[in-house]
Structure formats: C-alpha cells, structure tokens
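The sequence lines fix the lettering, A, B, ..., with proteins before strands; numbering per chain opens at 1.
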Amino acid sequence: MIHLRWWPMHADPQDVLYARFKAAIAAAFPDAPDADPMIAESRSAEHGDYQCNAAMPLAKRIKSNPREVAKLLVSKVDLSDIAEPLTEASIAGPGFINIRLRPEALATMLGAMDAPGLGVAPAAPALRVVVDLMGVNLSKQMHVGHLRSPVIGDAIARTLERLGHSVIRQNHVGDWGLPIAMVTARLQRLAAMGKINLDRLTLDDLDRAYRDAQAECQRDSAGLAAAQRFGLGPKALAELEEQVAGATEAFLSARETLIRLQQKEPATFAIWQRIADVTMKVCLDTCRRLHVNVTSEHSAGESSYADELTPMVAELQARGIAEPDQGALVVRLDDPAYGSIKEPCLVRKTDGGYLYATTDIAAVRRRVQKFHADRVIYVIDARQNLHLRQVFGASQRAGYAINPVTKAPALLEHAAFGSVLGEDGKPFKTRSGESVKLADLIQETVDRSRAAVMSRSPELSGDEAAAIAEGVGITALKYADLCNDRQRDYVFSFDRMLAFEGNTGPYLLYALVRIRSIFRKAAERGVDDAWMSTTLSIVEPAEKSLALRLLKYPSTLGQVATHLEPHRLCQYLYDLAGAFSVFFDRCPVLQAEPAVREARLRLCDLTARVLADGLAVLGLPAPERM
RNA sequence: GUGCCCGUAGCUCAACUGGAUAGAGCGUCGGCCUCCGAAGCCGAAGGUUGCAGGUUCGACUCCUGCCGGGCACGCCA
C-alpha cells in the first residue's frame with residue numbers, strides 16, 4: 001500500500017485526508033486513479049469531523065455499488081495515525097465515509113500550524129496581480145457609493161498579499177475629460193473675477209463648482225425645442241434661447257479649456273493641479289481613516305493615459321481591430337473568443353473624442369504589458385459589467401491581455417458588487433434625497449461606536465474611549481460590508497453593524513480582546529511563559545471544535561483568493577470567534593491545573609493570532625481592549 | 001425588446017460551488033455571572049429555498065419555461 005507521509009507544513013486535515021484517499025483510490029481502483037477524493041468538512045458533529053464522498057461518483061463511473069466501493073476504500077485507506085479506525089459503521093447513507101480525527105493528531109497539526117505563517121504556505125507560483133480598487137472623481141465629494149470598492153478591493157488585495165502574491169493597487173482616478181474641464185474653466189473664470197480664492201479651496205467648494213458647471217453647460221437645448229413645439233410665447237422663448245446660448249458659451253469654453261489642459265498650458269494646468277491636490281488629499285485621508293491601503297503612489301488617473309489614446313486607437317484601426325461605424329470607431333466583440341457580446345465597444349466618438357472605454361483599454365494594456373500582470377481584478381460596481389466585458393473583450397482582441405513574460409493570457413476579472421441600500425430597500429440616501437457624504441457616514445459610525453464603548457466600559461478615560469471607538473467603528477462599518485456576498489446589494493444599518501451581539505465586527509473584536517485579557521491577567525498573577533513550549537493537547541469537545549476551526553484557516557484564505565469573496569473569511573472568523581466563546585465558557589484557563597493551563601494558554605494564543613491575522617487580512621483594526 | 005444579477009425563517013444574511021436532517025444573527029419565549037470581560041454561552045419556536053417541469057443515487061446549487069425585483073444596453077464617465 002502506498003503510504004503518503006504528510007509533513008508539518010500541511011496543517012490542514014483536509015489536505016492530509018485528500019492525499020490518503022487519493023492513494024487509496026489509486027490502489028483500489030487502478031482504472032480510475034484520477035478520481036477526486038471529495039473530502040469535505042462534515043456539517044454536523046454526528047457525521048464526524050470530515051467525510052469522504054468519493055464512493056458515489058466512483059461507483060457510477062465503474063458501474064458498481066457505492067457502498068461496496070466505500071467498503072473497499074475504507075479497507076485500503078490508511079488513517080491510523082490521524083483518525084479513529086474506520087469500520088463499516090463509518091459508512092453511512094448511500095456511501096458517505098465519516099471520519100473522526102484523533103485528538104492527538106489535531107494537536108500535532110495545530111503544533112505545525114503554530115508558526116509565524118500560521119500554516120499558510122506561500123503561493124507557488126506567486127503571481128503579479130493588479131487590483132483596481134478605487135476610482136474617485138476630481139472635484140466631487142466622496143459619498144456612500146465610494147465605500148464598497150476600496151473596502152472590498154483592499155481586503156482582496158491584502159488576502160492576495162498574505163498568500164505571497166505581488167499586488168499592485170490602482171486608484172483609477174477620474175481626473176480627465178470634459179467634466180473636469182468644465183470645472184477648471186469655471187474656477188478660472190471665478191478666480192479671474194475675484195470671486196474665489198484658489199489657495200483656500202475646499203472639496204465642498206469644488207463639489208459646488210462641479211454642479212454649477214454641469215448646470216451651466218446643460219441649461220437645456222431640449223427645453224428650447226420643447227418650448228418651440230408647444231408654442232410658448234416669444235418672451236419665454238427669448239429667455240430660453242438666452243440660456244441655451246449661455247450654456248453653449250460655457251460648453252465651448254470648457255472644450256477650449258480641455259484643449260489647453262491637453263497642451264499643459266501653465267495657467268490652466270495649475271488650476272487643474274489644484275483641483276487634483278484638494279480632491280486627492282481628502283480621498284487619501286479617507287483611505288487612511290478607513291485603514292484602506294491606498295496612497296498617492298497607487299494613483300493612476302485617466303489623465304495619465306491621455307497621451308496614449310491617439311496612437312493606440314490609430315494602431316487598433318490600422319490593424320483592422322477598430323472599424324468605422326456611423327462616424328464613430330468601434331471594436332466588434334460578437335465572436336465567442338471576445339465574449340460573444342452583441343454591443344460593439346465604442347472607442348472613438350464621431351467628434352474624434354475618446355470615451356472611458358478607450359482609457360480602460362489603455363489601462364489593461366499598461367497593467368499587462370508594462371506591469372506584467374497575470375491577473376487583473378476590477379473591484380467595481382456591478383452596473384459596469386457590460387462595460388468591463390467590452391473592455392476585456394476589446395483588450396483581448398487587441399492582444400493587450402497577453403502577459404509578455406509568460407506569454408499566457410492574463411486573467412481579467414470583474415469582482416462586481418451590489419449597491420448600498422437604505423433600510424427601506426431603496427438606494428441609501430439622506431431623508432432629503434441627497435447622497436450621503438462618506439465622511440459624514442464614517443463620523444456617524446464612530447460617534448455611535450463611542451456611545452457604545454462608553455456605556456459598556458465606563459472605566460475608560462475619554463481619550464482611550466475615543467481611540468477605541470474609532471477602531472471599533474471602522475471595523476464595524478467595514479465588516480458589515482465585507483460579510484455579505486459581494487455580488488448582492490446590501491442593506492446599510494448603523495444599528496445592526498454596531499450591535500452588541502451577532503455576526504458583527506465588534507463581536508470578533510470582543511473575542512480577541514477577551515483572549516488578550518486572559519494574558520494580561522496571567523501576567524498579573526505571575527504565570528510564567530512555560531506555555532509557549534508546552535505540548536498542545538485537545539481533550540474537551542470545545543477544544544476539539546476550536547482546533548478544527550483553527551486548522552481551516554489556510555484553506556479559507558485560499559478560497560477567498562480564488563473566488564475573490566472576503567465574506568468567506570468573515571464567516572470563518574465569526575465561526576472561529578464562536579468556537580472560542582464556547583471554549584471560553586466551558587474551559588477555564590487560568591484556574592486550571594498547571595499542565596492544562598499551559599496547553600490552554602497556547603491554544604488561546606494561537607486563536608488570538610489567527611483572529612488578529614484574519615482581521616488584518618480584511619483590513620480591520622483591532623484594539624487591545626474595548 | 002435583448003443581456004447580466006438577485007429571489008432562502010417575520011427581518012438581515014449563510015450554505016465549503018452537486019452531498020446526509022438548509023444554518024447563523026436580530027426579533028419572540030425560557031435558562032446561565034460569589035468563577036479568566038454577559039458586546040458572552042445554552043435551549044425552544046420559526047422553512048414546500050418565488051412557481052412549474054427536467055437532469056440523477058442525491059438539487060438552494062446545474063438545464064428549460066414562467067412570476068416578481070434590481071441594473072445595464074454606442075458617441076456621458
């Protein structure tokens with residue numbers, strides 16, 4: 001019989017069982033050596049800890065009885081060192097093989113996991129991954145709609161980094177095009193008239209200027225046409241004509257400004273730069289406050305692609321990839337190789353201008369050709385799905401998505417997420433229908449968090465409480481977002497995210513803080529650190545389920561990385577915190593006799609480290625106490 | 001009209017991507033602090049997984065058709 005030795009790096013029982021059953025299948029069924037062992041965690045404790053579900057598909061494949069197949073597997077597989085002996089009673093239902101791990105084996109595997117890396121093996125091969133996780137627009141206040149992308153994107157980026165991949169974050173700043181030119185033109189005019197001081201600009205000023213500029217340029221020609229059609233009086237018509245003339249004037253001025261910007265004409269460019277500085281300062285401050293790892297070095301604005309567009313589109317046209325259509329230039333994508341997309345991707349307008357798709361194609365090109373990305377992840381609103389599929393298809397058709405080093409196609413993925421809804425199920429807005437400023441949202445979360453912390457822990461000083469409330473609030477806010485399946489819309493609720501109980505950020509922090517408290521108490525009572533080198537032992541059921549949960553950590557990170565779903569890690573941490581809470585309830589640590597105490601201290605320490613690591617991977621700050 | 005996403009306990013969400021009796025939290029009811037932090041633990045009640053078919057040993061999961069909701073569909077970004 002083939003006996004695969006597992007080595008200490010493999011702390012995950014599922015991996016070990018996989019290898020053992022793989023060997024058993026090869027030995028028992030030479031005709032089907034490639035069959036999947038199908039090892040899964042058991043749902044309920046009655047069915048053991050793990051189960052092998054390979055017998056059913058295997059039986060079908062070789063046209064045999066599943067229970068007979070299971071019997072043969074049970075007789076061939078060698079689990080003597082890790083599991084309780086398998087018998088016919090281990091076979092249940094149509095052919096499930098139930099496995100109960102031996103406590104000593106769990107202790108050994110935990111020991112293997114108890115290393116700085118917590119059992120997480122570095123990815124092989126390590127990939128280069130670009131994560132597009134933010135796209136603020138210059139001159140616009142950040143609002144709720146800007147929350148999910150950096151929160152989810154940063155969690156994904158951190159997960160990939162934790163697994164040893166090389167991650168390049170990208171903040172795809174909307175800093176170019178006619179809208180920005182409109183604001184620039186307006187500010188230039190206001191400054192010239194002395195109505196605004198450019199040195200003292202705030203984002204609120206800019207936000208107002210943005211709206212005014214939009215309105216100014218759009219005062220609408222549609223309205224004039226309607227007025228003429230409905231035969232309004234000459235006076236009304238004259239007023240409207242005047243408005244439209246004004247709008248046209250503002251519009252033309254914006255276009256001229258755009259041209260001056262493209263030429264980097266100093267006076268105009270300086271104003272644009274000022275707008276960028278003011279906006280980005282607020283954006284990056286917000287990221288810092290949210291514990292989102294996005295800094296100035298991750299900024300890759302649309303403006304940085306501006307000079308590449310003309311030559312790129314010319315090339316696409318020359319190669320016949322882009323073709324004229326009704327005066328515009330499009331890339332057709334109806335071929336299955338490019339996604340079978342009926343709607344062609346528009347890359348140049350009739351007036352010669354470019355679109356955001358054009359910039360996004362240039363971005364794929366830079367990310368793969370220059371940064372050598374193996375994988376590019378777009379953490380963007382689900383509504384952009386068609387747009388992104390078009391960009392991906394066009395980039396693939398152009399050959400821009402082939403990694404120049406590996407010659408393999410880069411994986412282009414849209415990690416789509418749903419909208420933030422209010423408790424009424426409609427898009428989250430203020431009572432007056434305005435969009436909620438992100439800064440206000442964060443502040444309100446932290447304020448509520450402070451009230452909660454102060455009522456729970458009145459002994460804390462004001463400063464301490466404030467510092468803790470900040471971290472707890474940020475964790476609550478981000479966790480509420482991360483713990484749902486990204487794809488779905490989610491309902492925003494201050495009350496729920498900061499709830500004292502249930503699946504929330506504070507619950508996880510509370511579990512961690514309680515463990516840390518044990519160690520503080522231990523130090524106070526003069527308990528030495530002999531536990532660090534003690535032998536782990538798993539005896540009580542609560543210890544066992546905690547151990548089983550701990551051992552799932554590395555594979556959970558792997559799942560998050562492949563599916564780009566941080567909520568799996570949230571669920572894991574919630575289960576881990578739950579398993580710890582039960583352990584905490586049933587298994588006294590400091591009061592136990594020394595040998596037991598030491599083993600439990602080590603188990604607590606490992607739990608704390610996994611919890612802390614998981615929280616860090618999600619980008620959630622954790623306090624020492626709360 | 002076409003395409004994408006979603007529909008699971010009263011509410012908010014899971015379900016290891018085809019596995020056993022669909023799980024948590026909130027809310028409701030009932031227990032547990034002279035004992036390491038009760039933001040905790042234990043128990044009870046609550047389901048025809050939108051509907052109808054199909055695929056198979058086995059379906060919340062895959063396929064088809066309906067119903068209901070959201071979103072997107074060339075010269076805005």
**Request:** Report which part of the nucleic acid A:Ala357 touches: base, sugar-phosphate, or nothing (heavy-atom distance under 4.0 Å, all strands).
**Result:** nothing

**Asked** If we take the P atom in both B:rC42 and B:rC33, what is their distance in whole Å?
**Response** 16 Å

**Message:** If the condition is side-chain hydrogen bond (donor to acceptor under 3.5 Å, both in side chains), which residues does A:Asp334 pass it with, not counting sequence neighbours?
**Reply:** none

Interface polar pairs with nucleotides 28-36 of chain B, N/O, under 3.5 angstrom:
{"unit_1": "B:rC35", "atom_1": "O2'", "unit_2": "A:Gln591", "atom_2": "NE2", "d": "2.5"}
{"unit_1": "B:rC36", "atom_1": "O2", "unit_2": "A:Val589", "atom_2": "N", "d": "3.3"}
{"unit_1": "B:rC36", "atom_1": "O2", "unit_2": "A:Leu590", "atom_2": "N", "d": "2.9"}
{"unit_1": "B:rC36", "atom_1": "N3", "unit_2": "A:Val589", "atom_2": "N", "d": "2.8"}
{"unit_1": "B:rC36", "atom_1": "N4", "unit_2": "A:Phe584", "atom_2": "O", "d": "2.5"}
{"unit_1": "B:rC36", "atom_1": "N4", "unit_2": "A:Cys587", "atom_2": "O", "d": "2.8"}

**Request:** For side-chain hydrogen bond (donor to acceptor under 3.5 Å, both in side chains), just list the numbers for A:Tyr18 and A:Asp12, CA-CA rounded to whole Å, side-chain angles, deciding distance to a tenth of an Å, and then say yes or no.
**Result:** CA-CA 10 Å; A:Tyr18 182 95; A:Asp12 188 340; over 6 Å; no

**Prompt:** When all nucleic acid strands are considered with a 4.0 Å heavy-atom cut-off, which category describes A:Glu524: base, sugar-phosphate, or nothing?
**Reply:** nothing

**Request:** Describe the nucleic acid contact of A:Asp489 in one word from base, sugar-phosphate, nothing, applying a heavy-atom distance below 4.0 Å.
**Result:** sugar-phosphate

**Asked** Does B:rG30 adopt a syn or an anti glycosidic conformation, taking syn as a chi angle within 90° of 0?
**Response** anti

Restricting both atoms to N or O, compile the protein contacts to nucleotides 74-77 of chain B shorter than 3.5 Å, with distance only.
{"unit_1": "B:rG74", "atom_1": "O6", "unit_2": "A:Asp325", "atom_2": "OD2", "d": "3.2"}
{"unit_1": "B:rC75", "atom_1": "O2", "unit_2": "A:Thr350", "atom_2": "N", "d": "2.5"}
{"unit_1": "B:rC75", "atom_1": "O2", "unit_2": "A:Thr350", "atom_2": "OG1", "d": "2.7"}
{"unit_1": "B:rC75", "atom_1": "N3", "unit_2": "A:Thr350", "atom_2": "OG1", "d": "2.5"}
{"unit_1": "B:rC75", "atom_1": "N4", "unit_2": "A:Gln326", "atom_2": "O", "d": "2.9"}
{"unit_1": "B:rA77", "atom_1": "O3'", "unit_2": "A:Glu302", "atom_2": "OE1", "d": "3.0"}
{"unit_1": "B:rA77", "atom_1": "O3'", "unit_2": "A:Glu302", "atom_2": "OE2", "d": "3.1"}
{"unit_1": "B:rA77", "atom_1": "N6", "unit_2": "A:Tyr356", "atom_2": "OH", "d": "2.5"}
{"unit_1": "B:rA77", "atom_1": "N1", "unit_2": "A:Tyr356", "atom_2": "OH", "d": "3.4"}

**Message:** So that I can tick it off, tell me whether A:Arg332 and A:Glu323 are bridged by a salt bridge, with the cut-off set at under 4.0 angstrom between side-chain N and carboxylate O.
**Reply:** yes

**Prompt:** On a whole-Å scale, what distance lies between the P atoms belonging to B:rA45 and B:rA38?
**Reply:** 28 Å

**Asked** Do A:Tyr510 and A:Ser581 have side-chain N/O donor and acceptor atoms under 3.5 Å apart?
**Response** no

**Request:** Indicate, with a heavy-atom threshold strictly under 4.0 Å, whether A:Gln559 touches base, sugar-phosphate, or nothing.
**Result:** sugar-phosphate

**Message:** Which label fits A:Phe494 and A:Phe492: parallel for a plane angle under 30°, tilted from 30 to 60°, or perpendicular past 60°?
**Reply:** perpendicular

**Prompt:** Taking the same atom, C1', in B:rA22 and in B:rA59, what whole-Å distance lies between them?
**Reply:** 12 Å

**Prompt:** Any side-chain donor paired with an acceptor under 3.5 Å for A:Arg389 and A:Asn385?
**Reply:** yes

**Message:** At 4.0 Å (heavy atoms only), tell me whether A:Asn98 reaches a base, stays on the sugar-phosphate, or touches nothing.
**Reply:** base

**Fill in**
Sorted by position of nearest nucleotide on RNA chain B, 5' first, the leading residue of A:Ala577 and A:His47 is A:His47

**Request:** Using a cut-off of strictly less than 4.0 Å, decide whether A:Tyr507 has a side-chain nitrogen or oxygen near OP1 or OP2 of B:rC41.
**Result:** yes

**Asked** Is any NZ, NE, NH1 or NH2 atom of the basic residue among A:Asp381 and A:Arg148 found under 4.0 Å from an Asp or Glu carboxylate oxygen of the other?
**Response** no

**Message:** Side chains of A:Gln559 and A:Thr556, heavy atoms from C-beta outward: is any pair under 4.5 Å?
**Reply:** no

**NZ/NE/NH1/NH2 to OD/OE distance under 4.0 Å, A:Asp481 and A:Lys478** = no

**Request:** Under 3.5 Å for both distances, Watson-Crick or G-U wobble, that's the pair rule; now give the dot-bracket for RNA chain B, with | marking pairs to another strand and [ ] for crossing ones.
**Result:** (((((.(..((((.....[...)))).(((((.......))))).....(((((..]....)))))).)))))....

**5'-most by nearest nucleotide on RNA chain B - A:Ile468 or A:Met38** = A:Met38

**Request:** Just compare B:rG19, B:rA72, B:rC13 and give me whichever is closest to any side-chain atom of A:Phe96.
**Result:** B:rG19

**Prompt:** If you measure from NE2 on A:His387 to CZ on A:Phe392, what distance do you get to the nearest 0.5 Å?
**Reply:** 8.5 Å

**Prompt:** Looking at A:His567, does any N or O in its side chain come under 4.0 Å of the phosphate oxygens OP1/OP2 on B:rA15?
**Reply:** yes

**Asked** Taking the side chain of A:Ser457 as heavy atoms from C-beta outward, which of B:rU21, B:rG19, B:rG37 is closest to it?
**Response** B:rG37

**Request:** May I ask you to say whether A:Arg586 pairs ionically with A:Glu543, meaning some side-chain N is under 4.0 Å from a carboxylate O?
**Result:** no

**Asked** So, A:Lys552 and A:Asp575, do they make that salt bridge, N to O below 4.0 Å?
**Response** no

**Item:** Separation between the P atoms of B:rG69 and B:rG50, rounded to whole Å
**Value:** 16 Å

**Asked** What interatomic distance, in whole Å, is found between P of B:rC66 and the corresponding atom of B:rC4?
**Response** 14 Å

**Prompt:** C1' atom, B:rG70 versus B:rA24: distance in rounded Å?
**Reply:** 26 Å

Which atoms of nucleotides 56-61 of chain B (N or O only) lie under 3.5 Å from a protein N or O atom, and what are those distances?
{"unit_1": "B:rU56", "atom_1": "O3'", "unit_2": "A:Lys60", "atom_2": "NZ", "d": "3.2"}

**Rounded distance (Å) that lies between atom C1' of B:rC26 and atom CD of A:Glu423** = 12 Å

**Stepwise ring-ring contact (aromatic ring centres under 6.0 Å, His included) test for A:Trp531 and A:Phe519** = CA-CA 11 Å; A:Trp531 59 268; A:Phe519 284 93; 5.2 Å; yes

**Prompt:** Which whole number of Å gives the distance between the P atom of B:rG23 and that of B:rC67?
**Reply:** 33 Å

**Message:** Testing the 3.5 Å rule here: is there a donor-acceptor pair between the side chains of A:Asn98 and A:Ser90?
**Reply:** no

**Message:** Regarding A:Glu41, tell me which of base, sugar-phosphate or nothing describes its non-hydrogen contacts under 4.0 Å with the strands shown.
**Reply:** base

**Least distance between heavy atoms, A:Val472 atom then A:Pro623 atom** = CG2-CG, 4.4 Å

**Asked** Do A:Asp485 and A:Arg488 have side chains that get closer than 4.5 Å, going by heavy atoms?
**Response** yes

**Prompt:** For B:rU8, does the O4'-C1'-N9-C4 (purine) or O4'-C1'-N1-C2 (pyrimidine) torsion place it in syn, i.e. within 90° of 0, or in anti?
**Reply:** anti

**Asked** Under 3.5 Å, side chain of A:Arg67 to main-chain N/O of A:Gly93, donor-acceptor pair present?
**Response** yes

**Request:** Pull up the glycosidic torsion of B:rC62 and say syn or anti, syn being anything within 90° of 0.
**Result:** anti

**Request:** Return yes if the base of B:rA14 and the side-chain atoms of A:Asp575 contain a donor-acceptor N/O pair under 3.5 Å, otherwise no.
**Result:** no

**Message:** Can a side-chain donor-acceptor contact be found between A:Gln51 and A:Asn53 if the only test is distance below 3.5 angstrom?
**Reply:** yes

**Prompt:** Considering only the C1' atoms, how many Å lie between B:rG7 and B:rU61, rounded to the nearest integer?
**Reply:** 14 Å

N/O to N/O distances under 3.5 Å, protein versus nucleotides 1-6 of chain B:
{"unit_1": "B:rU2", "atom_1": "O2'", "unit_2": "A:Lys342", "atom_2": "NZ", "d": "3.0"}

